[in-house]
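Here's the structure, in structure tokens; my notes come after.
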Amino acid sequence: MDWGTYKTLRVEQDGDVLLVTVDRPAALNALAGQVVDDLWDLTGVLAGLAEGWPVRGVVLTGAGEKSFVAGADIVEMSAMDPDAAEAYGRRMHQVTLRLEALPVPVIAAVNGFALGGGCELALACDFIYASANASFGQPEVALGLVPGFGGSVRLQRRVGIGMARELIYTGRRITAAEAHRIGLVNAVFADVPALLDGARATLAEIAGKAPTAVANAKRALNSIADLGLEDGLDEEVRSFREAFGTEDSMVGRQAFVAKQTPVFPGR
Ligand code: CAA
């Protein structure tokens, strides 16, 4: 599979898993315009794979052991006017929406600083794993700015509005352990190799399940996040019904009754 070539991303397929590494370690992997363009192009390639996905999940990480992504590129932003800033924000919003729309899970493997736009990029992944040296924060107020890549929405959904307010108003940096305690991070690993192994192991566990059901669950959970109770329940029953129309569910149900291990066709 040709995943494309990128100036600031490394894209490597390892069996069932696509490992995407933001690769600008000299600037702590900050989201320069080139990185945003590369993420846009890569998510475009991924979004084009409507069916027959060659991988069962994506791991997103940063190059080196110091930083996942240290945020928007402050050097580039230093000369930005409001119109350019709006375009920058909207472009990253589109990247994050594309990540959320992929039919396979995306795990953020946070291997160091996840600050500002870096924390926001991680929040657009399905969930976040971290190495013990990782740290998280929305430090925009220290620059006279506010979150611009989705943090105002996704951080409060992930950790609750009170905690999101405190993190955004103070710009405070928190450790991986604290991020785990407040539910921003699902699990913390001793070091970066253990972090990547942990992400791969979880994707392997998911890969043993029905592909159409995982994609359906991801779509439903994302759209239900925007809905109230009754509309959310409607959406759930729609996706529940859809699952019953798949070959995967037929195979899964029949295998249970026959006391066999299902082999899902992915349809
Ligand atoms: N943009 C551009 N360059 C950055 C960067 C960023 N966000 N973060 C770090 N760098 C660069 C530094 O300028 C430095 O480059 P030089 O070697 O050329 O001087 C290099 O990366 C290494 O950084 P430091 O020397 O600062 O490393 P450190 O270990 O002393 O500090 C740090 C690490 C605490 C993360 C510090 O670099 C820092 O505070 N970075 C900025 C973090 C931040 O504020 N991020 C939010 C940006 S705003 C945003 O993201 C808005 C939004 O919501 C979209």
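Indexing begins at 1, ligand by ligand and atom by atom, following the structure's order. Both backbone and side-chain heavy atoms feed into the values below; hydrogens, waters and symmetry mates do not.
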Hey, which atoms in ligand 1 end up nearer than 4.0 Å to a heavy atom of [X]?
X    : value
G116 : 46 (C), 50 (O)
G117 : 49 (C), 50 (O), 52 (C), 53 (O)
A30  : 1 (N), 2 (C), 6 (C), 7 (N)
R173 : 34 (C)
K66  : 27 (O), 28 (P), 29 (O)
P147 : 53 (O)

Using non-hydrogen atoms of the residue, decide whether [X] is closer than 4.0 angstrom to ligand 1.
X    : result
M92  : no
G118 : no
L115 : yes

Yes or no, since that's all I need: does a protein heavy atom fall within a distance strictly under 4.0 Å of [atom]?
atom                    : answer
atom 29 (O) of ligand 1 : yes
atom 18 (O) of ligand 1 : no
atom 23 (O) of ligand 1 : yes
atom 8 (N) of ligand 1  : yes
atom 50 (O) of ligand 1 : yes
atom 44 (O) of ligand 1 : yes
atom 12 (C) of ligand 1 : no

What residue and atom, counting heavy atoms only, is the protein's closest point to [atom], and at what distance?
atom                    : value
atom 53 (O) of ligand 1 : E140 OE2, 2.5 Å
atom 41 (C) of ligand 1 : I74 CD1, 3.6 Å
atom 14 (C) of ligand 1 : A26 O, 4.3 Å
atom 26 (O) of ligand 1 : L28 CD1, 5.0 Å
atom 10 (N) of ligand 1 : A27 O, 3.8 Å

Measure [X] to ligand 1 on non-hydrogen atoms and call it side chain, backbone, both or neither using the 4.0 Å cut-off.
X    : answer
A32  : neither
E76  : neither
R24  : neither
P139 : side chain
L143 : side chain

Ligand 1 to [X] polar contact by distance, N or O atoms, under 3.5 Å:
X    : answer
G71  : no
A72  : yes
E120 : yes
A70  : yes

Measuring only between side-chain heavy atoms, which start at C-beta, is [X] closer than 4.5 Å to [Y]?
X   : Y    : value
K7  : D38  : yes
T96 : F149 : no
V55 : W3   : yes

For the student: nearest non-hydrogen atoms of [X] and [Y], plus distance:
X    : Y    : value
F264 : G208 : CE1-O, 3.7 Å
E140 : G117 : OE2-N, 4.1 Å
A114 : F68  : CB-CD2, 4.0 Å
V141 : Y169 : CG2-O, 3.6 Å

Practice item. State which residue, out of E12, Q13, M1, fulfils the side-chain contact (heavy atoms from CB on, under 4.5 Å) condition with L18. Key: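 So the option named by the test is Q13.
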Practice item. Starting at CE of M163, measure out to CD1 of I174 and round the result to the nearest 0.5 Å. Key: 7.5 Å
Practice item. State whether the number of non-hydrogen atoms from other residues, nucleotides or ligands found under 6.0 Å of R238 atom CZ is greater than 12. Key: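 Counting other residues, nucleotides and ligands, CZ of R238 exceeds 12 neighbours.
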Point to revise | CD (Q34) with more than 12 external heavy atoms under 6.0 Å | key: yes
Point to revise | Residue pair Y6, D41: steps toward the side chain to side chain contact (heavy atoms under 4.5 Å, CB included) verdict | key: CA-CA 8 Å; Y6 306 93; D41 289 346; 3.8 Å; yes
Point to revise | Test: R219 and E242 ion pair at under 4.0 Å | key: yes
Check your understanding: Is D37 paired with R91 through a side-chain N to carboxylate O contact shorter than 4.0 Å?
Key -> yes
Point to revise | Test item: K218 side-chain N/O and L102 main-chain N/O as donor-acceptor pair under 3.5 Å | key: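 Yes, the answer is positive, given that a donor and an acceptor are paired below the 3.5 Å cut-off.
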Review point. Would N29 and F113 count as a side chain to side chain contact (heavy atoms under 4.5 Å, CB included) if you check the C-alpha gap in whole Å, the side-chain angles of each, and the deciding distance to 0.1 Å?
Key: CA-CA 9 Å; N29 307 318; F113 297 116; over 6 Å; no
Review point. If two hydrophobic side chains count as joined below 4.5 Å and joins carry through other members, does V35 share a cluster with V58?
Key: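 Linked, V35 and V58 end up in one cluster.
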